[in-house]
Amino acid sequence: DGCVSQFDDCVGRILERLEHNGQLENTIVIVTSDHGEDLFEPGATLCHGVSFNGGDQGNRVPAIVHVPGEEAKIVSKIVRNIDLAPTLLELLDLGGHPQFEGQSLAPYVRGEQSDLGLAFYGETSYPFYRRTLPDGFSSVDIPPFDKMTFVDKENNFHIVLKDKYNEPVVLSKERCLRTERFKLVFTPGEDGPVHRLYDVVVDPHCQTDVQREHPEMYLRLKWHLWQWILHHREASIAQIEGGPLPEDFRVPDEYVNIEW
């Protein structure tokens, strides 16, 4: 609570200074964060970035965008942090940038569209903590912290990952695809890849795997999740839920047999 109060005070001082200098109505203001927090919700502990299994509390962040001259509104659809840079470029008439992922949210800001159909693609890696999975699954085993890292004397004595572990750490990431209703989580498991499908509308804490109840949706999200992992090929919710039904997808061997 103290951190939230301090942050609120800091934002207040910035806004007061902008107003004092006559720049408040000439400045786009964005309030957001890099992650949420797990606070012992069902299936979660006290941390962040450890797992997508469990609710959305670790992934949902503030997204307040003030644009001078635009009417305030609430957008209840999925938006992503990667959409903020394209949004700013469009609002400032600076054009796009080929290296940016994400889509501009300017149609929401200007009231031109009510649903961009965006899906959330996420990945997280916390290689110093073995994930706990539901239903008796075990996540892939990882080397101990002191084996994977070293103290870099030339980089302010920071603790740094050894080069030989860069690739396996990336391969061992947990990944997620989230639509308005469903969330599919892929976790590299000790005995093979683990995919779990959650209906977040009826199960907000993501405690029950429903892939047997929704086999078609499971296949759709699994295929599109791996298109993103392997090719950075993003699809809208309409494409995921309404496109041609894909065949089952076999996870590439390098994501199954990770060599440390």
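- For the pair Phe182/Leu177, no side-chain contact is recorded, criterion being any heavy-atom separation below 4.5 Å from C-beta on.
- Ion pairing between a basic and an acidic side chain is recognised when a charged N comes within 4.0 Å of a carboxylate O; Lys164 and Glu259 show no such pairing.
- In this structure a side-chain-to-backbone donor-acceptor pair under 3.5 Å is missing from Tyr108 to Lys77.
- Using a distance-only test at 3.5 Å, with no hydrogens or angles considered, a donor-acceptor pair links the side chain of Lys73 to the main chain of Val109.
- Between the side chains of Thr124 and Glu174, not a single donor N or O lies within less than 3.5 Å of an accepting N or O.
- Side-chain atoms of Glu70 do not come within 3.5 Å of backbone N or O of Val67 as any donor-acceptor pair.
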Give the intermediate values and the outcome of side-chain hydrogen bond (donor to acceptor under 3.5 Å, both in side chains) for residues Gln211 and His195. CA-CA 9 Å; Gln211 60 179 275; His195 292 85; over 6 Å; no

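- Using a 4.0 Å cut-off between charged nitrogen and carboxylate oxygen, Glu234 and Arg80 count as a salt-bridge pair.
- No donor-acceptor pair closer than 3.5 Å links the side chain of Lys153 to the backbone N or O of Val151.
- When all heavy atoms are compared, the tightest approach of Ala119 to Ile78 is C-CG2, 4.3 Å.
- Side chain of Thr32 to backbone of Pro62: a donor-acceptor contact under 3.5 angstrom is found.
- Nearest heavy atoms, Gln103 versus Pro86: C-CB, 3.9 Å.
- Looking only at distances, no side-chain donor or acceptor of Thr87 sits under 3.5 Å from a matching main-chain atom of Ser104.
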Worked check of side-chain contact (heavy atoms from CB on, under 4.5 Å) between Tyr165 and Lys147: CA-CA 10 Å; Tyr165 292 112; Lys147 181 180 179 181; 3.2 Å; yes

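- Within the structure, no pair that satisfies the salt bridge (charged side-chain N to carboxylate O under 4.0 Å, His left out) test touches residues 19-47, not counting sequence neighbours.
- Taking the six-membered ring for Trp and the full ring otherwise, Trp223 and Tyr218 have centroids separated by 6.0 Å or more.
- Between Ile237 and Leu118 there is no side-chain heavy-atom pair separated by less than 4.5 Å.
- A distance-only check finds no donor-acceptor pair linking the side chain of Thr187 to the backbone of Gly189 [under 3.5 Å].
- A donor-acceptor pair under 3.5 Å links the side-chain atoms of Asp203 to the main chain of Gln207, judged by distance alone.
- Considering only heavy atoms from C-beta on, Trp260 comes within 4.5 Å of Ile142 through its side chain.
- A distance of 11.0 Å separates CG of Leu197 from NZ of Lys183, quoted to the nearest 0.5 Å.
- Side-chain atoms of Glu190 and Ser139, non-hydrogen and from C-beta on, never get closer than 4.5 Å to each other.
- Note: Trp226 and Phe249 have parallel aromatic rings, judged against thresholds of 30 and 60 degrees for the angle between ring planes.
- The backbone N or O of Val160 lies less than 3.5 Å from no partner atom in the side chain of His158, so there is not a single donor-acceptor pair.
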Go through the steps for Asn21 and Gln23 under the test side-chain hydrogen bond (donor to acceptor under 3.5 Å, both in side chains), then give the verdict. CA-CA 6 Å; Asn21 292 337; Gln23 294 297 320; over 6 Å; no

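- A donor-acceptor pair under 3.5 Å is absent between the side-chain atoms of Asp152 and the main chain of Phe157, judged by distance alone.
- For Arg175, there are no side-chain hydrogen bond (donor to acceptor under 3.5 Å, both in side chains) partners two or more places apart in sequence or in a different chain.
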